[in-house]
Amino acid sequence: MAQEREKIFRLIETADNFVKYAAPGREARAEARARKRYLKAQRLAEQSRDDGLVEQVRLRLADLERRSTLAPAERDAGSDDDTITSEPPEHATARMPPGQRIVRGWPVLHEGRIPRFDESTWSFSVDGACADAFALSYSELQDQGPTEMTSDFHCVTGWSKLDNHWRGVQTKELLGRAIPSEGATHVLVHAEQGYTANVPLDVLQEDESMLAWGHNGKQLAPKHGWPLRLVVPRLYGWKSVKWVRRFELLTADQRGFWEIRGYHNRADPWLEERYSYQEAEPA
Ligand SMILES: Nc1nc2c(c(=O)[nH]1)N[C@H]1C(S)=C(S)[C@@H](COP(=O)(O)O)O[C@H]1N2
Ligand SMILES: [Mo]
């Protein structure tokens, strides 16, 4: 049973990757290949009466439908130069989590389109389980920084990008200002267009967790999350939400976009917490 789930999810993952890494101009073809595999996964999941997987596939087929209505220029995912190279530089091998490879360049991965930024209506808010909910304009937010921090980035699809020099504000500063309630345990991070990811509060209170607007000495590119992206080096990359607008403090955990679609709720790359079917296994 567990093995069957794993097999089916692998099929889903292969299809996910066709979509994520479609070559420019070949998106439609990649989506057709993905759809075929999703449909096969759907059949298998139905046969094994696995309602969780059936739902995960249903969500993806709906994602694919929505995606096919975007003009190619609006998607702008895929990447400039995302060749996965072989080995990390010798000094960095200890910094590579299991099953990861160094990437050259910087892949661009997201659902939906790159949002337009309108500073006059934009705000970042912290609310939910806290004593002092607040909202900041973009300039007020930038007045909180800048802090600079270098960290590594690990994507669940297998690439890692080391030595990112981020410029922004530490999330512990912003959370501290909101004064989390005693029972607050998690943050649901909300982005433009409904993308979300859940992150344990204690992870966002670590020094390395930041909201960033600069990368390696330059303004962060819109495709990488400008005007504001979360950086959580401790967890797989899908938790590093681009185009962040809101931190919602929670007193109980709540799964985000990819966590609902079969990726691991916790997502520690050092433990290879990639998929939700691993969650049932004893620690
Ligand atoms: N808003 C938003 N943030 C997102 C995503 C997304 O689809 N939407 N994708 C995530 C995933 S899966 C990864 S690996 C990283 C990729 O960041 P990059 O495109 O800057 O490399 O962004 C994460 N943040
Ligand atoms: Mo990712």
Side-chain angles (χ1 to χ4, degrees), residues 12-22 59-60 63-64 66-67 70 74-84 97 99-117 122 124 151-168 187-199 209-216 218-248 255-265 267-269 272-276:
I12 295 173
E13 185 190 28
T14 305
D16 287 351
N17 287 345
F18 280 137
V19 177
K20 287 178 180 169
Y21 295 107
L59 287 167
R60 279 174 171 77
D63 294 342
L64 212 53
R66 225 178 323 108
R67 201 181 175 87
L70 297 182
E74 288 180 317
R75 305 182 188 184
D76 207 298
S79 8
D80 330 321
D81 173 16
D82 61 353
T83 341
I84 294 181
Q100 295 295 113
R101 286 275 181 275
I102 299 273
V103 74
R104 201 201 305 281
W106 191 5
V108 177
L109 279 189
H110 53 256
E111 287 291 312
R113 66 189 81 187
I114 299 169
R116 206 169 278 130
F117 173 51
W122 190 95
F124 168 72
S151 57
D152 300 338
F153 189 96
H154 308 294
C155 172
V156 72
T157 62
W159 56 268
S160 291
K161 182 172 167 53
L162 304 183
D163 296 315
N164 300 285
H165 192 67
W166 299 103
R167 182 181 174 88
V187 175
L188 192 63
V189 181
H190 296 261
E192 305 279 359
Q193 306 169 51
Y195 184 87
T196 54
N198 51 329
V199 182
S209 297
M210 294 179 71
L211 280 166
W213 53 79
H215 179 266
N216 290 356
K218 289 189 242 165
Q219 180 178 288
L220 187 62
K223 64 185 176 187
H224 288 299
W226 183 85
L228 190 68
R229 92 168 290 164
L230 182 63
V231 180
V232 189
R234 261 281 300 275
L235 303 176
Y236 280 124
W238 79 81
K239 304 266 192 188
S240 286
V241 177
K242 306 197 275 192
W243 313 301
V244 172
R245 293 292 301 273
R246 176 179 175 214
F247 278 3
E248 181 186 6
R255 302 175 85 95
F257 184 90
W258 283 116
E259 295 81 8
I260 290 170
R261 285 164 178 73
Y263 285 87
H264 201 287
N265 195 43
D268 183 336
E272 280 209 86
E273 292 174 336
R274 295 177 190 270
Y275 315 113
S276 61

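The residues of the chain are indexed from 1 along the displayed sequence. All values reported here derive from a predicted model rather than from experimental measurement. Note that ligands are numbered from 1 as they come in the structure, with each ligand's atoms numbered from 1 the same way.
- Using a 4.5 Å heavy-atom cutoff, the side chains of Tyr263 and Asp16 are in contact.
- Side-chain contact check for Asn265 and Asn198: at least one donor-acceptor pair (N or O, by modelled atom type) lies under 3.5 Å.
- Residue Arg229 approaches ligand 1 through these ligand atoms, each under 4.0 Å from one of its heavy atoms: 15 (C), 17 (O), 18 (P), 20 (O), 22 (O).
- Shortest contact from atom 13 (C) of ligand 1 to any protein heavy atom: Gly237 O, 3.7 Å.
- Looking at heavy atoms from C-beta onward, Phe153 lies out of side-chain contact with Ser160 at the 4.5 angstrom threshold.
- On a distance-only criterion, Lys242 and ligand 1 share at least one N/O pair closer than 3.5 Å.
- A donor-acceptor pair under 3.5 Å is absent between the side-chain atoms of Arg234 and the main chain of Asp268, judged by distance alone.
- Where the criterion is an N or O separation shorter than 3.5 Å, residue side chain and backbone included, Trp106 meets it with respect to ligand 1.
- Atom 12 (S) of ligand 1 has as its closest protein heavy atom Trp238 CB, 3.5 Å.
- For the pair Glu111 and ligand 1, the shortest N or O to N or O distance falls below 3.5 Å.
- Between Trp106 and His215 the shortest side-chain heavy-atom distance falls below 4.5 Å.
- Side-chain polar atoms of His224 and Lys242 form no donor-acceptor pair below 3.5 angstrom.
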Using salt bridge (charged side-chain N to carboxylate O under 4.0 Å, His left out), reason through Lys239 and Glu259 one step at a time and then give a plain yes or no. CA-CA 9 Å; Lys239 304 266 192 188; Glu259 295 81 8; 2.9 Å; yes
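- Of the N or O atoms in His224, one or more lie within a sub-3.5 Å distance of an N or O in ligand 1.
- The protein heavy-atom contact nearest to atom 9 (N) of ligand 1 is Leu109 O, 3.2 Å.
- Listed by atom number, the atoms of ligand 1 under 4.0 Å from Cys155 heavy atoms are 14 (S).
- Interface of Val241 with ligand 1, defined as ligand atoms under 4.0 Å from a residue heavy atom, comprises 3 (N), 24 (N).
- The atoms of ligand 1 that sit less than 4.0 Å from any heavy atom of Trp243 are 1 (N).
- Taking distance alone, with nitrogen or oxygen atoms compared against 3.5 Å, Pro107 approaches ligand 1 more closely than that limit.
- Below 30°, between 30° and 60°, or above 60°: for Phe247 and Phe124 the angle between ring planes is above 60°, a perpendicular geometry.
- Assignment of Trp159 to the shell around ligand 1 is supported, since a heavy atom sits closer than 4.0 Å.
- Between Ser240 and ligand 1, at least one N/O pair is under 3.5 Å apart.
- Listed by atom number, the atoms of ligand 1 under 4.0 Å from Val108 heavy atoms are 19 (O).
- No side-chain donor-acceptor contact under 3.5 Å links Glu273 and Tyr236.
- In this structure, atom 2 (C) of ligand 1 lies nearest to the protein heavy atom Tyr195 CD2, 3.3 Å.
- Below 3.5 Å of separation, one finds no N or O of Ala191 facing any N or O of ligand 1.
- A salt bridge links Asp63 to Arg66: at least one charged side-chain nitrogen sits closer than 4.0 Å to a carboxylate oxygen.
- Heavy-atom distances between Phe257 and ligand 1 stay at or above 4.0 Å for every pair.
- Counted by atom type alone, Glu248 and His190 present one or more donor-acceptor pairs between their side chains at under 3.5 Å.
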